[in-house]
Novice: 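Handing you this structure, nothing more for now.
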Amino acid sequence: MSNGFDDIPFFDEEPAPRPQRGGGPQPAPLAPAGGAFEAAPPSPKSAGIAARAMAARDQHRVPDYLSGLNPEQREAVETLDGPVLVLAGAGTGKTRVLTTRIAHILASGRAFPSQILAVTFTNKAAREMKERVGVLVGGAVEGMPWMGTFHSIGVKLLRRHAELVGLKSSFTILDTDDVVRLIKQLIQADGIDDKRWPAKQFAQMIDGWKNKGLGPAEIPEGDARSFANGKGRELYAAYQARLMTLNACDFGDLLLHPIRMFRTNPDVLREYHDKFRYILVDEYQDTNTAQYMWLRLLAQRPKGVPQNVCCVGDDDQSIYGWRGAEVDNILRFEKDFPGAKVIKLERNYRSTEHILGAAAHLIAHNEGRLGKTLFTDRTDPNDDKVQVHAAWDSEEEARAVGEEIEQLQRNQHPLNNMAILVRASFQMREFEDRFVTLGLNYRVIGGPRFYERLEIRDALAYFRLVCQPADDLAFERIVNTPKRGLGDTTVRALHDYARKRDIPMLAATADIVETDEMKPKPRKSLFDVVTMFQRWQGLLETTPHTELAETILEESGYTDMWKNDKSAEAPGRLENLKELIRSMEQFESMRGFLEHIALVMDVEQNAELDAVSIMTLHSAKGLEFETVFLPGWEEGLFPHQRALDEGGRSGLEEERRLAYVGLTRAKRRCHIWFVSNRRIHGLWQSTLPSRFLDELPVTHVEVSEADQSYGGYNRGGYGQSRFDKQEPFANTYSTPGWKRAQANKTDATRDNWGNRSGVSIDRIGYGESGPKARTIDGELIAKSKIDEPSKFTVGDRVFHIKFGNGNIAGIEGNKLTIDFDRAGQKRVLDGFVERV
DNA sequence: CTCGTGCTATTTTTT
DNA sequence: ATAGCACGAG
């Protein structure tokens with residue numbers, strides 16, 4: 001009680017009032033040394049850390065939690081005053097720095113837990129950070145109310161100040177599905193053809209604008225015109241207006257409303273300036289413009305007051321440009337925050353030198369980097385090089401990977417330490433099929449998510465409507481689910497009635513059943529609906545929420561609907577509904593539960609099972625595995641054709657960063673695969689090895705010729721031994737396609753058929769000239785394919801290695817449509833056929 | 001209103 | 001190939 005802090009509970013969300021509250025420059029150290037910790041409740045762990053930290057400081061010794069850090073990490077942790085940018089390469093201990101920094105701020109008494117704003121992108125990252133800070137500090141995370149995702153913090157701000165942006169504090173959060181349905185209504189209401197102008201596309205446009213921080217008035221004229229015959233802007237405005245009447249926010253609003261609120265209410269902003277003494281941002285390279293504006297508003301300080309902002313990120317791992325992330329944010333940090341200290345973490349603790357060497361050499365092909373080079377001291381002659389494998393087709397690829405995994409398994413490697421990282425999710429199927437046959441456990445990460453399932457969304461709509469009678473989207477979703485004979489006509493009538501009177505649809509329904517506007521049948525159904533909801537609302541405060549949830553699903557006939565459903569998935573859906581109820585148990589109320597899942601759409605996986613992970617490269621960011629398999633390194637798939645077409649050079653660079661992310665996930669072993677034939681959209685396409693293979697350094701990479709046991713590509717895994725019979729095609733590397741790849745590699749403008757011979761297998765992945773960086777020819781290749789006149793003409797008789805002889809039926813750039821004698825009509829790349 | 005057929009799109013994903 | 005969706009018939 002002596003220092004004035006003792007009465008402030010350590011875990012308290014709001015330790016204010018603080019001595020110097022009320023604006024103006026703030027002295028740097030807030031609490032007297034030890035204040036925060038002595039005020040802690042009797043938690044042995046936190047007291048222990050605190051005591052140790054303090055003791056250590058008194059003795060001029062390094063506190064325990066700092067002692068394991070390398071000098072750069074320590075600098076990043078200990079530079080508490082002023083802006084800091086930590087450029088943390090993959091596997092350099094980024095999370096450790098962040099969490100230790102928080103612990104250090106707390107231990108040195110610089111701030112209370114509630115005065116630290118720590119932002120992440122995903123709930124998973126937030127969860128991990130909380131856990132790890134908890135380990136360091138001992139439970140104090142409970143008292144860190146401002147650690148979370150941009151969105152969850154946004155919600156928190158908005159719930160407090162909703163009225164400042166014209167919302168009520170009870171606003172609902174709409175997810176993508178709701179948004180699309182709402183927009184569709186608006187498009188139709190406007191008499192616009194919703195076939196030509198899909199709601200989904202417009203939802204994405206709005207999302208894009210919001211990512212840039214643009215309201216309806218601020219969007220570029222061109223954008224506004226490009227949708228629905230120039231009605232883009234009006235539609236956007238109408239959408240925002242509709243959200244207001246619904247008292248709802250979409251995800252973008254969770255960022256934009258706080259920004260607007262801060263801009264129009266400087267006094268409120270100042271309150272948060274006083275509050276947040278330290279700001280930390282994870283994965284800074286992924287921030288979009290709106291998040292950037294949000295952050296800058298909060299980070300501002302009066303002149304002379306240090307901006308204690310610490311952003312951690314890696315420009316080389318920026319893989320979300322396509323959804324609005326601005327790498328530029330990280331590149332210009334020093335300009336935005338003058339006097340910033342930039343600390344590079346380049347010492348890698350994760351991977352072997354071969355893996356790092358390969359990754360570093362690959363990423364060096366990108367321009368516009370801040371430039372880091374990962375290194376490790378750890379060199380072990382037993383470490384494998386990165387292995388590149390070729391397979392005939394994707395089926396063989398899956399088979400070979402399966403074999404490799406079984407081999408590792410026989411050598412006592414847990415499946416949990418292995419992952420298959422694909423570029424696109426359609427690639428997963430083949431692996432799954434194969435693993436099912438082999439009886440190999442696997443888990444798919446990031447597939448369709450629990451809360452996005454139909455039955456879950458339906459059930460949630462019921463719950464939402466009970467808690468929020470004004471939630472019209474929920475109403476419309478379930479009013480005729482299960483079927484109650486309420487069709488489009490009825491719902492539209494309700495909708496109109498509600499809009500005219502400016503009341504929610506449920507209320508409108510309650511009104512309308514009192515009248516004779518409806519025919520008897522729908523009227524009866526509507527009456528039942530209204531009665532049910534009134535009953536449930538009455539139970540809301542009195543009945544335990546899980547029990548109420550069950551009641552709702554029973555009484556509404558929703559569970560019966562699935563019980564009577566004969567389809568194969570019905571039992572699973574019922575199971576999911578049970579799971580849903582179970583997951584509600586850990587929440588205090590139905591409202592609390594709904595709030596949680598609006599933001600946290602994922603559900604934790606069963607960690608006990610020993611299984612291989614299968615996921616996309618995107619969802620692999622931040623993870624690590626002993627052994628990583630990277631299949632599908634082929635032109636068109638990886639780098640993806642669309643990234644090339646739509647993103648040009650920067651698209652290619654983002655793909656390359658993705659490759660970098662993939663490689664750096666591996667701790668000890670990394671296997672890359674490419675195939676010669678892949679089925680894309682149902683038809684077989686011949687494929688070229690990815691240009692990224694050319695960009696790997698010879699010193700760290702080894703080409704494994706497909707082993708006999710795999711049936712080898714030159715053994716004719718497919719189509720028997722056609723290869724063996726065709727003289728010129730002794731192996732994949734002397735096919736026309738491969739030759740063309742070689743030709744392209746050295747000179748993209750060269751004749752695609754540059755008939756060069758003598759290409760040996762040693763050349764795969766790198767030229768004889770060794771690992772020197774080459775110019776990036778992605779755009780040239782992409783363009784040349786379209787612009788160049790084809791070497792073929794319609795009607796030509798051609799031979800294809802897989803499909804045999806046929807006649808050309810059509811030509812589109814380098815893609816030929818061919819009527820094959822035996823295989824029927826196919827589309828193939830011109831590089832894979834020869835005139836006969 | 002419901003069911004069945006035909007057409008289209010098909011990278012990556014969080015909140 | 002295939003799944004999801006929209007439209008038209010019953």
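For the numbers below, each heavy atom of this structure counts, side chains included, while hydrogens, waters and symmetry mates do not.
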Novice: In this structure, how many angstroms lie between the P atom of B:dT12 and the CG atom of A:Asp286, rounded?
Specialist: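 It works out to 18 Å between those atoms.
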Novice: Let's go through A:Arg656 and A:Tyr660 carefully: what are the C-alpha distance in whole Å and the side-chain angles of both, what is the deciding distance for side chain to side chain donor-acceptor pair (under 3.5 Å) to 0.1 Å, and is it a yes or a no?
Specialist: CA-CA 6 Å; A:Arg656 191 177 281 115; A:Tyr660 174 79; over 6 Å; no
Novice: For A:Trp322 together with A:His640, are the ring centres under 6.0 Å from each other?
Specialist: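 So the answer is no for these two rings.
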Novice: Can you tell me how far C1' of B:dT12 sits from CD of A:Glu646, to the nearest Å?
Specialist: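 Going from CD in A:Glu646 over to C1' in B:dT12 covers 11 Å.
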Novice: Within this structure, what is the CG-to-P distance between A:Leu637 and B:dT12, rounded to whole angstrom?
Specialist: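 About 10 Å, once rounded to whole Å.
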Novice: Check whether the aromatic ring of A:His640 stacks on the base of B:dT12, taking stacking as ring centres less than 5.5 Å apart and planes within 30° of each other.
Specialist: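 Answer is no, no stack.
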Novice: Taking atom P of B:dT2 as reference, at what distance in whole Å does atom CE of A:Met561 sit?
Specialist: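 In whole Å, B:dT2 P lies 11 Å from A:Met561 CE.
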Novice: A:Gln201 has an atom CD; how far is it from atom P of B:dT10, in whole Å?
Specialist: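 Going from A:Gln201 (CD) to B:dT10 (P), I get 10 Å.
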Novice: With sequence neighbours excluded, tell me which residues meet salt bridge (Lys or Arg N to Asp or Glu O under 4.0 Å) with A:Glu430.
Specialist: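 In terms of salt bridge (Lys or Arg N to Asp or Glu O under 4.0 Å), with neighbours along the sequence ignored, A:Glu430 is linked to no residue.
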Novice: Using a cut-off of under 3.5 Å, enumerate the N/O to N/O pairs linking the protein to nucleotides 13-15 of chain B.
Specialist:
from	atom 1	to	atom 2	distance (Å)
B:dT13	OP1	A:Thr616	OG1	2.5
B:dT14	O4'	A:Arg323	NH1	3.3
B:dT15	OP1	A:Asn123	N	2.7
B:dT15	OP1	A:Asn123	ND2	3.1
B:dT15	O2	A:His151	NE2	3.4

Novice: What string of B, S and - do you get for nucleotides 2-10 of chain C, 5' to 3', when a contact is any protein heavy atom under 4.0 Å?
Specialist: ----SS---
Novice: Could you list the residues that satisfy side chain to side chain contact (heavy atoms under 4.5 Å, CB included) with A:Lys621, not counting sequence neighbours?
Specialist: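 Partners of A:Lys621 under the side chain to side chain contact (heavy atoms under 4.5 Å, CB included) test: A:Glu283, A:Gln285, A:Asp286, A:Gln317, A:Ile319, A:Tyr320, A:Val661.
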Novice: Flag the pair A:Phe629 / A:Trp673 as yes when their ring centroid distance falls below 6.0 Å, and as no otherwise.
Specialist: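 No, too far apart.
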Novice: Just to verify, what does A:Lys563 make a side chain to side chain donor-acceptor pair (under 3.5 Å) with, not counting sequence neighbours?
Specialist: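 Scan of A:Lys563 (side chain to side chain donor-acceptor pair (under 3.5 Å), adjacent residues dropped) gives none.
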Novice: Applying salt bridge (Lys or Arg N to Asp or Glu O under 4.0 Å), can you list everything that pairs with A:Arg573, at least two apart in sequence or on another chain?
Specialist: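 In terms of salt bridge (Lys or Arg N to Asp or Glu O under 4.0 Å), with neighbours along the sequence ignored, A:Arg573 is linked to A:Glu455, A:Glu569.
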Novice: Sort out for me which residue in A:Asp253, A:Val180, A:Val179 forms a side-chain contact (heavy atoms from CB on, under 4.5 Å) with A:Leu174.
Specialist: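 Between A:Leu174 and the candidates, side-chain contact (heavy atoms from CB on, under 4.5 Å) is satisfied uniquely by A:Val179.
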